[in-house]
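Working notes for the structure below.
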Number of protein chains: 2
Amino acid sequence: MATDTKARILDAAESLFADHGFPATSLRDITQEAGVNLAAVNYHFGSKEALLISVLERKIAPVNRTRLAQLEALETAAGADPVPTEDLVRAFLTPLFETWGKHGQGLPKFMKLVGRIHAEVDQDVRTKFIKQFDTVLQRFSAAFHRGLPHLDAIEVQWRVLFLVGSMAHTMTWGGSIVTMDGQVCHDPEEIFEALIQFSTAGMGAPVLQPVAVASRRGAR
Amino acid sequence: MATDTKARILDAAESLFADHGFPATSLRDITQEAGVNLAAVNYHFGSKEALLISVLERKIAPVNRTRLAQLEALETAAGADPVPTEDLVRAFLTPLFETWGKHGQGLPKFMKLVGRIHAEVDQDVRTKFIKQFDTVLQRFSAAFHRGLPHLDAIEVQWRVLFLVGSMAHTMTWGGSIVTMDGQVCHDPEEIFEALIQFSTAGMGAPVLQPVAVASRRGAR
DNA sequence: GAATAATTCAAACGTTCATTTGAATCATAC
DNA sequence: GTATGATTCAAATGAACGTTTGAATTATTC
């Protein structure tokens with residue numbers, strides 16, 4: 001079955017890319033984990049890099065589409081008013097975490113992959129795939145700015161960068177969070193809500209007065 | 001000159017690890033960039049992985065030491081009172097950004113490296129080096145919790161994770177931020193202050209009421 | 001300046017990598 | 001049931017990898 005082979009490769013690649021990253025994962029690792037022949041990857045996908053693109057397309061493209069759809073729904077509902085910041089944060093983060101529940105098996109591999117993609121992928125792969133993601137960022141940045149008109153456009157972009165960073169890092173390392181007394185938390189819902197609280201507050205943070213900046217610098 | 005060779009290797013490795021990541025950078029890339037013989041890396045450092053450790057030690061270990069020193073100074077000054085959240089955020093972020101000014105040349109490579117380290121490095125390298133960083137995280141988490149007693153300990157840890165994520169992502173990608181009208185911002189001071197505002201507000205975000213969580217979930 | 005140690009060097013080591021090849025196997029349609 | 005196309009397979013290709021080697025070179029010590 002051709003479909004089965006392709007899907008097994010995609011699953012194995014997703015899992016291994018998530019755990020060890022793209023450069024450190026070999027096609028032999030992938031095909032062995034998938035239980036298929038080594039040549040199958042190049043037969044079905046053309047190259048290792050094309051496989052990565054396919055892995056990303058399969059899981060992340062729908063997430064970005066949902067993000068944009070939710071954003072448009074929010075803007076339509078808000079009419080002339082700006083969409084509340086927290087609603088925007090939720091529209092940005094929810095589609096990612098909802099894919100979680102659909103798979104269910106423990107800590108989802110593809111979330112770690114998402115985290116890695118934002119930090120690890122080389123510039124050319126990034127530009128090849130991430131154009132779609134950049135569109136999402138631009139649209140959300142504009143929407144955030146509408147609700148935070150006192151901020152510079154560039155300041156909004158930074159805050160969106162910070163938001164993405166929190167999200168990506170949580171994807172990668174959220175599974176290995178350990179409390180001081182040795183307990184591990186695996187509940188995605190709780191981390192998700194905590195991230196939303198953190199991000200919403202961060203996005204809406206007050207602007208620092210320049211004079212205050214100077215006086216506070218290098219606090220000790 | 002032995003010292004010179006070692007330093008040139010460290011500089012080249014720092015730059016290339018930052019640009020392309022650890023697995024994607026070969027010793028041949030490094031030695032060519034450094035203008036030294038291929039065997040010099042194994043002679044002076046023992047292995048590629050040991051070279052990475054050395055690169056990290058040279059730049060990041062002092063940062064973590066400064067962080068802990070600033071934290072202790074803050075706690076001493078505060079006495080029985082908890083240290084203000086913003087002061088803790090600054091004590092955590094300032095040492096990293098200050099290394100910036102010391103080097104000056106454009107966007108510092110080692111900052112990108114720092115960003116990558118938090119997302120890319122394999123588990124064993126991470127555990128080998130990051131133990132020191134984990135200590136820093138634990139100490140700061142405890143200090144944050146003292147000023148945010150209404151939060152669970154685990155919630156504080158999450159927020160510190162978010163903070164680290166914002167920081168790491170900014171290190172890696174902050175240099176490629178572009179405004180909607182095509183302008184690029186390279187001023188580290190501004191990004192730094194924006195990050196502090198974002199993180200301070202995020203760390204001190206209110207806790208969501210459980211009932212409110214349920215009603216808001218899946219907002220559209 | 002001879003002896004000793006430290007460093008550099010070109011070359012090779014064995015391994016692993018992504019990719020290709022061509023025959024074998026499978027499914028499908030006539 | 002034979003022909004056709006799609007897929008799988010074992011094997012090989014050539015390149016790149018980290019590392020090692022032993023001689024050549026440089027620096028240090030007496």
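Sequence lines set the chain letters: A, B, ... in the order given, protein chains first and strands last, and positions in each chain run from 1.
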Over 60° means perpendicular and under 30° means parallel, so classify the ring planes of A/Phe92 and A/Phe133, tilted if in between. tilted

Option from A/Val164, A/Thr85, A/Leu88, A/Leu163 for which side-chain contact (heavy atoms from CB on, under 4.5 Å) with A/Ser199 holds: A/Leu163

Output the rounded distance in Å from CZ (A/Phe45) to P (C/dA18). 15 Å

Listing time: all N or O pairs from protein to nucleotides 18-21 of chain D that are below 3.5 Å?
unit_1: D/dG18; atom_1: OP1; unit_2: B/Lys48; atom_2: NZ; d: 3.0
unit_1: D/dG18; atom_1: OP2; unit_2: B/Leu27; atom_2: N; d: 2.8
unit_1: D/dG18; atom_1: N7; unit_2: B/Arg28; atom_2: NH1; d: 2.9
unit_1: D/dG18; atom_1: O6; unit_2: B/Arg28; atom_2: NH2; d: 2.9
unit_1: D/dT19; atom_1: OP2; unit_2: B/Asn42; atom_2: OD1; d: 3.4
unit_1: D/dT19; atom_1: OP2; unit_2: B/Lys48; atom_2: N; d: 2.9

Provide, to the nearest angstrom, the distance between the NZ atom belonging to B/Lys6 and the C1' atom belonging to C/dT8. 15 Å

Less than 4.0 Å between a side-chain N and a carboxylate O, is that true for A/Asp11 and A/Arg58? yes

Rounded distance [0.5 Å steps], CZ in A/Arg139 versus CG in A/Asn64: 12.5 Å

Hey, which of these two, A/Asp29 or B/Val36, hits DNA chain C nearer its 5' end, going by closest nucleotide? B/Val36

What pairs of residues pass the side chain to side chain donor-acceptor pair (under 3.5 Å) test when at least one of them lies in residues 27-38 of chain B, not counting sequence neighbours? B/Ser26-B/Asp29

For B/Gln32 and D/dC17, give me the distance from atom CD to atom C1', rounded to whole Å. 15 Å

For D/dT8, does either OP1 or OP2 sit under 4.0 Å from a side-chain N or O belonging to A/Thr5? yes

Heavy-atom donor-acceptor pair, A/Lys48 side chain to A/Thr25 backbone, under 3.5 Å: yes

Whole-Å distance separating the NE2 atom of A/His44 from the P atom of C/dA18: 18 Å

What is the distance, rounded to the nearest whole Å, between atom CG of A/Leu51 and atom C1' of C/dT19? 14 Å

